[in-house]
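In what follows, a single structure is set out as structure tokens and then discussed.
Order of listing sets the numbers, starting from 1, for every ligand and every atom in it.
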Amino acid sequence: MDLDTIYDAVLDGDAGATTAAVEAALAAGETAQAILNEACIPAMDEVGALFEEGEKFVPEMLISARAMAAAMVILRPLLIEAGVENVGRVVLGTVHGDLHDIGKNLVGMMLEGAGFEVIDLGTDVPPQKFVDAVVEYQPHIVGMSALLTTTTKSMPATLNALTEAGVRDQVKVIIGGAPITDDFAVKIGADGFAADAGSAARAARALMGLS
Ligand code: B1M
């Protein structure tokens, strides 16, 4: 059982085959990171490319996402690794209007692996819900994810809401997602941008003054 089998199972949206292939690959000595970065994420990229070409449709994107989620059930504990110290608290969410959560969930896992407590607000999170969470949980960092060009505007809207509520100065804000760039982060006044989940965890630690 190799990484190609996992890639094909995620691409086909076959959750059962994905689970079996991931378990077999781990038993054969593949690492969780390799399974994620060399099979699952490339398969999701291909789903997106086929969607753009009109070869796949929304229901097929959804079943591929479910297959990826099945893989993540197995990979999650391996990626997080137990026993890390608590270095800070992050409130994390996919912004208003956006239902994509695979990347956000990966960012959450990597943050947990880097020692953060993560309060996950889920998807389609309105600006006020971020504000309420900052007031309630007093996090060090707020993380926002957006996958749609149209929902990137929810990021400055959320920053404005944090400012208007008088809590912007209490937190650092990191943003990410496929349409997000460093320039955009600077333009809207976020404190950090990360292109992938590993960089998000490194950026969060750097914002806490940690290496
Ligand atoms: Co949608 N979708 N989708 N989709 N979908 C994209 C994003 C799209 C690029 C596909 C395409 O056209 N090629 C396109 C967006 C185009 C655009 O706006 N530029 C698109 C579209 C158009 C849509 C709909 C509008 C389709 C429709 O209904 N006509 C619709 C919108 C629904 C909504 O949100 N309101 C829609 C719906 C869906 C599904 C629900 C079917 C499903 C999501 C299921 C789910 O998430 N539970 C879905 C999927 C699966 C995708 C693709 C195929 C895969 C996304 C994914 O999970 N990638 C996607 C195409 C693609 O991305 N190639 C696509 C894997 C994931 C690991 O990567 O999320 O980028 P990613 O996360 C990365 C980094 O971006 C970064 O780290 C992660 C890990 O390395 N990162 C952060 C993410 N968040 C971060 C936060 C950080 C830091 C880094 O700090 C806090």
Could you find the nearest protein heavy atom to [atom] and give me its residue, atom name and distance?
atom                    : value
atom 12 (O) of ligand 1 : Phe51 CD2, 3.3 Å
atom 89 (C) of ligand 1 : Ala194 O, 3.2 Å
atom 28 (O) of ligand 1 : Val58 CG2, 3.6 Å
atom 67 (C) of ligand 1 : Leu106 CD1, 3.5 Å
atom 44 (C) of ligand 1 : Ala65 CB, 3.7 Å
atom 50 (C) of ligand 1 : Met44 CE, 3.5 Å
atom 79 (C) of ligand 1 : Ala197 N, 3.7 Å
atom 47 (N) of ligand 1 : Asp101 OD1, 2.7 Å

I'd like to know if atom 9 (C) of ligand 1 has any protein heavy atom within a distance of less than 4.0 Å. no

Please indicate, with yes or no, if any protein heavy atom is found under 4.0 Å from atom 59 (C) of ligand 1? no

Closest to [atom] (judged by heavy-atom distance), picking from [options]:
atom                    : options                        : answer
atom 84 (N) of ligand 1 : Gly48, Ala69, Gly93, Ser145    : Ser145
atom 1 (Co) of ligand 1 : His100, Glu52, Met61           : His100
atom 17 (C) of ligand 1 : Ile41, Asp196, Thr149          : Thr149
atom 40 (C) of ligand 1 : Leu147, Ile102, Leu62          : Leu62
atom 87 (C) of ligand 1 : Ala203, Gly176, Ala204, Ser199 : Gly176
atom 24 (C) of ligand 1 : Leu148, Leu92, Thr151          : Leu148
atom 75 (O) of ligand 1 : Ala43, Gly97, Gly103, Ala178   : Ala178
atom 32 (C) of ligand 1 : Thr94, Leu99, Ile63            : Leu99

Rounded to the nearest 0.5 Å, what's the gap from CG on Leu79 to CG on Leu106? Could you check? 7.5 Å

In Å and rounded to the nearest 0.5 Å, what is the CE to NZ distance from Met144 to Lys104? 14.0 Å

Donor-acceptor contact present, side-chain [X] to main-chain [Y], <3.5 Å:
X      : Y      : result
Asp124 : Gly97  : yes
Asp183 : Val186 : no
Ser64  : Leu11  : yes

Can you name the atoms of ligand 1, numbered from 1 with element, that are less than 4.0 Å from a heavy atom of [X]?
X      : value
Ala200 : 88 (C)
Gly177 : 75 (O), 81 (N), 82 (C), 83 (C), 84 (N), 85 (C)
Asp98  : 34 (O)
Asp45  : 63 (N)

Give the contacting part of Ile175 toward ligand 1: side chain, backbone, both or neither, where contact means a heavy-atom distance below 4.0 Å. backbone

Should [X] be listed as contacting ligand 1, given a heavy-atom distance under 4.0 Å as the test?
X      : value
Val107 : yes
Ala195 : yes
Pro179 : no

Answer yes or no: does atom NZ of Lys56 have more than 12 heavy-atom neighbours from other residues, nucleotides or ligands under 6.0 Å? yes

Thr163/Asn160 under side-chain hydrogen bond (donor to acceptor under 3.5 Å, both in side chains): CA gap, chis, key distance, verdict: CA-CA 5 Å; Thr163 302; Asn160 286 341; 5.3 Å; no

Go through it in stages, so that I can follow the logic: the residues are Glu38 and Ile6, the test is side chain to side chain contact (heavy atoms under 4.5 Å, CB included), and I'd like the CA-CA distance, side-chain angles, deciding distance and then a yes or no. CA-CA 9 Å; Glu38 293 168 35; Ile6 301 171; over 6 Å; no

